[in-house]
Engineer: 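Take this structure first; my questions come after.
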Amino acid sequence: QRFGTYGRLKQAALKRIAQLAQVKGTYRLPENEMQRVFFELDSNGKGSVCHEELRSALFDDRFDLSDDEAEQLLSQVDNASGEVDYQSWMAALGDWGALRGSPEWESLLKDVFDSLDVRGQGVIGGPELEGLLCGPDGCESPDDVGAALREADVDHDGGISYEDFRQFMDAQRLENLELFENRVRSV
């Protein structure tokens, strides 16, 4: 539920963090029931699961989701091929509050920032954002890059410095899970 409220830049950054956590193996994301579901369905270990398999799992007796909630969740993580990869799933469902409070958080943010700063200038600008947020056919919306800059460029200098990025990723506006009903059923 919370992931869908984030802008495209924060969603993309969280996907990169989930990817780093998996690749490096040194960053452990707190395990939850949704992660267990993914690994149960990914029996061949390829790192992705069919959209329909995940949809079916969301309607078993462990979760309490409406059709619309399940579709919204899956639409946020589907990679447009009918598959959901682990990084997207984790970005949407990981316990980011717990990771944000961990000693690894600063290192993860720096690693992700550095991976986005492809020109190595200490700033994520329009070209980097376009590469991150837009596909080969261009951006979905003409304002994708501008919206990301408005959201994360804290000092309004036209680029996202590491300090801007850190503040943006640490922002906790309306992220309290208490605002959302629990969708995992007690057993």
Side-chain angles (χ1 to χ4, degrees), residues 1-116 118 131-137 140 144 169 175-187:
Q1 293 169 338
R2 176 180 45 187
F3 187 76
T5 67
Y6 295 150
R8 293 191 60 221
L9 176 58
K10 193 162 203 174
Q11 289 179 359
L14 290 173
K15 286 178 184 179
R16 289 273 176 110
I17 289 172
Q19 181 180 26
L20 275 176
Q22 185 179 23
V23 168
K24 288 190 172 193
T26 57
Y27 303 121
R28 300 278 317 181
L29 296 173
E31 190 172 33
N32 62 33
E33 184 64 21
M34 297 300 244
Q35 288 170 278
R36 283 189 285 281
V37 166
F38 187 92
F39 286 122
E40 286 172 14
L41 295 172
D42 185 24
S43 58
N44 63 5
K46 68 180 184 173
S48 64
V49 176
C50 170
H51 182 280
E52 285 307 311
E53 289 176 308
L54 278 177
R55 190 177 195 297
S56 296
L58 291 174
F59 287 109
D60 72 13
D61 56 355
R62 291 179 284 190
F63 306 104
D64 186 20
L65 295 171
S66 70
D67 283 341
D68 289 341
E69 289 170 325
E71 283 307 314
Q72 179 187 14
L73 172 63
L74 291 169
S75 73
Q76 294 290 326
V77 296
D78 192 329
N79 65 10
S81 69
E83 296 273 316
V84 177
D85 64 53
Y86 180 70
Q87 289 84 17
S88 297
W89 186 251
M90 281 307 305
L93 300 167
D95 185 351
W96 295 109
L99 186 60
R100 194 175 11 252
S102 75
E104 292 89 9
W105 183 245
E106 281 293 323
S107 177
L108 275 171
L109 288 181
K110 184 67 173 133
D111 289 348
V112 169
F113 179 84
D114 289 346
S115 77
L116 298 175
V118 295
L132 176 68
L133 302 174
C134 307
D137 298 329
E140 290 178 22
D144 283 344
M169 293 302 292
E175 288 187 25
N176 294 330
L177 286 178
E178 295 81 32
L179 297 175
F180 302 103
E181 293 179 34
N182 188 355
R183 296 299 188 213
V184 178
R185 291 188 179 150
S186 302
V187 227

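Values below: all heavy atoms of this structure, side chains included; hydrogens, waters and symmetry mates excluded. As the structure is a computational prediction, the values presented were derived from the model and not from experiment.
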Engineer: Using 0.5 Å steps for rounding, measure from the CD atom of Glu40 to the CD atom of Glu53.
Structural biologist: 12.0 Å
Engineer: If I compare all heavy atoms of Met169 with all of Arg100, which pair ends up nearest, and what's the gap?
Structural biologist: O-NH1, 3.2 Å
Engineer: If I compare all heavy atoms of Val84 with all of Phe38, which pair ends up nearest, and what's the gap?
Structural biologist: O-CE1, 3.5 Å
Engineer: Please list, chain by chain and in numerical order, all residues satisfying disulfide (SG to SG under 2.5 Å) with Cys50, sequence neighbours excluded.
Structural biologist: none
Engineer: With Gln11, which residues qualify under side chain to side chain donor-acceptor pair (under 3.5 Å), at least two apart?
Structural biologist: Gln76
Engineer: Among residues at least two apart in sequence or on other chains, which ones pass side chain to side chain donor-acceptor pair (under 3.5 Å) with Asp42?
Structural biologist: none
Engineer: Quick one: list whatever passes side chain to side chain contact (heavy atoms under 4.5 Å, CB included) with Arg16, sequence neighbours left out.
Structural biologist: Gln19, Val112, Ser115, Leu116, Leu132
Engineer: Any side-chain heavy-atom pair from Ile17 and Leu109 closer than 4.5 angstrom?
Structural biologist: yes
